[in-house]
Amino acid sequence: MRAPDTLKKAAHAVGAHTVTTHPTGGHVVVTLGGEVLAESRRAIALEETGLATRYYLPREDVRMELLTPSETTSHCPFKGDATYFSAAGAKDAFWVYVAPSEEAALPVAGLLAPWPGRVEVRVDGEPA
């Protein structure tokens with residue numbers, strides 16, 4: 001484990017950092033240039049200390065035919081290793097934790113999260 005991961009894990013252990021998930025119950029729509037890339041009423045919201053709420057969508061609610069796997073990967077000490085998908089005109093538009101490393105992130109395993117700013121994300125018609 002890298003030193004920053006160790007420090008982050010320590011902060012998490014004492015409650016200084018949290019990750020929680022819950023069903024949104026809302027209508028999440030993801031668009032790019034007016035084209036709908038995803039639409040879901042089954043999204044899981046992930047809330048993490050210091051970050052905006054992120055919405056994770058079932059693959060069945062994402063137009064996977066419009067996405068291509070990216071070579072980009074990243075690591076989060078609280079969720080694990082992520083891989084990415086790009087859309088035409090938006091590199092790394094979505095990410096996914098296929099096998100989250102931490103129990104708190106297990107509810108989002110295999111779900112895709114749109115990257116706000118690279119794509120437009122709205123929940124119940126409001127920007128997310």
Side-chain angles (χ1 to χ4, degrees):
M1 187 177 300
R2 299 181 301 238
D5 285 2
T6 302
L7 294 173
K8 289 178 181 180
K9 292 271 190 181
H12 190 64
V14 297
H17 185 276
T18 62
V19 172
T20 60
T21 61
H22 59 87
T24 64
H27 183 210
V28 179
V29 178
V30 181
T31 59
L32 178 62
E35 183 169 36
V36 175
L37 300 178
E39 185 170 0
S40 183
R41 293 187 182 275
R42 304 180 299 152
I44 300 293
L46 185 140
E47 296 173 354
E48 182 172 354
T49 302
L51 298 175
T53 300
R54 299 297 186 215
Y55 298 91
Y56 287 75
L57 315 174
R59 282 181 190 252
E60 301 81 28
D61 297 346
V62 178
R63 296 183 60 199
M64 295 302 294
E65 74 275 10
L66 299 177
L67 304 180
T68 56
S70 168
E71 292 185 15
T72 303
T73 62
S74 63
H75 173 76
C76 171
F78 308 112
K79 296 181 292 291
D81 296 322
T83 57
Y84 292 77
F85 289 88
S86 296
K91 180 173 172 41
D92 302 335
F94 290 81
W95 70 85
V96 59
Y97 292 97
V98 174
S101 61
E102 303 301 317
E103 186 174 339
L106 289 177
V108 300
L111 305 181
L112 281 88
W115 192 323
R118 295 187 180 188
V119 293
E120 183 179 13
V121 182
R122 292 186 164 273
V123 179
D124 294 330
E126 298 297 320

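- Of all heavy-atom pairs between Ala87 and Leu37, the closest is CB-CD1, 4.1 Å.
- Residues Leu112 and Leu67 have side chains in contact (heavy-atom distance under 4.5 Å, counting atoms from C-beta outward).
- Residues Ala38 and Leu57 come closest through the heavy atom pair CB-CD1, 3.6 Å.
- Residues Glu39 and His27 have side chains in contact (heavy-atom distance under 4.5 Å, counting atoms from C-beta outward).
- Side chains of Lys91 and Thr72 form a contact here, defined as non-hydrogen atoms less than 4.5 Å apart.
- Scanning for side-chain hydrogen bond (donor to acceptor under 3.5 Å, both in side chains) contacts around Asp124 gives an empty result, with sequence neighbours left out.
- Following chains of ILVMFWY side-chain contacts shorter than 4.5 Å, one cannot reach Val123 starting from Tyr56, and the two form parts of different hydrophobic clusters.
- Between Ala128 and Pro116 the shortest heavy-atom distance is O-CB, 4.2 Å.
- Residue Trp95 is not grouped with residue Val119 when hydrophobic side chains (ILVMFWY) are merged at heavy-atom distances under 4.5 angstrom, including chains of intermediate members.
- Each of Val30 and Val36 belongs to its own hydrophobic cluster when Ile, Leu, Val, Met, Phe, Trp and Tyr are linked at side-chain heavy-atom distances under 4.5 angstrom.
- The stretch residues 34-55 participates, sequence neighbours left out, in no ring-ring contact (aromatic ring centres under 6.0 Å, His included) pair at all.
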Run the side-chain contact (heavy atoms from CB on, under 4.5 Å) test on Arg54 and Val108 for me, step by step, so that the C-alpha distance in whole Å, both residues' side-chain angles and the decisive distance to 0.1 Å come before the verdict. CA-CA 10 Å; Arg54 299 297 186 215; Val108 300; over 6 Å; no

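- The minimum heavy-atom distance between Val28 and Ala43, with the atom names listed, is CG2-CB, 3.7 Å.
- Within the 4.5 Å cutoff, the side chain of Glu47 has heavy atoms near those of the Thr53 side chain.
- The backbone N or O of Asp92 sits less than 3.5 Å from a side-chain atom of Ser86, completing a donor-acceptor pair.
- Using a 4.5 Å heavy-atom threshold, the side chains of Ser40 and Arg42 count as touching.
- Glu48 pairs by the side chain to side chain contact (heavy atoms under 4.5 Å, CB included) definition with His17, Val19, Leu46, Leu51, Cys76, Phe78, Lys79, not counting sequence neighbours.
- Here the shortest heavy-atom pairing between Val98 and Ala109 reads O-CB, 3.8 Å.
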Thr18 vs Thr49, test: side-chain hydrogen bond (donor to acceptor under 3.5 Å, both in side chains). Steps then yes/no. CA-CA 6 Å; Thr18 62; Thr49 302; 3.3 Å; yes

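- A continuous path of ILVMFWY side-chain contacts below 4.5 Å connects Leu66 to Phe85, so both sit in one hydrophobic cluster.
- The hydrophobic cluster containing Leu111 does not contain Phe94, counting ILVMFWY residues as joined when their side-chain heavy atoms lie under 4.5 angstrom apart, directly or transitively.
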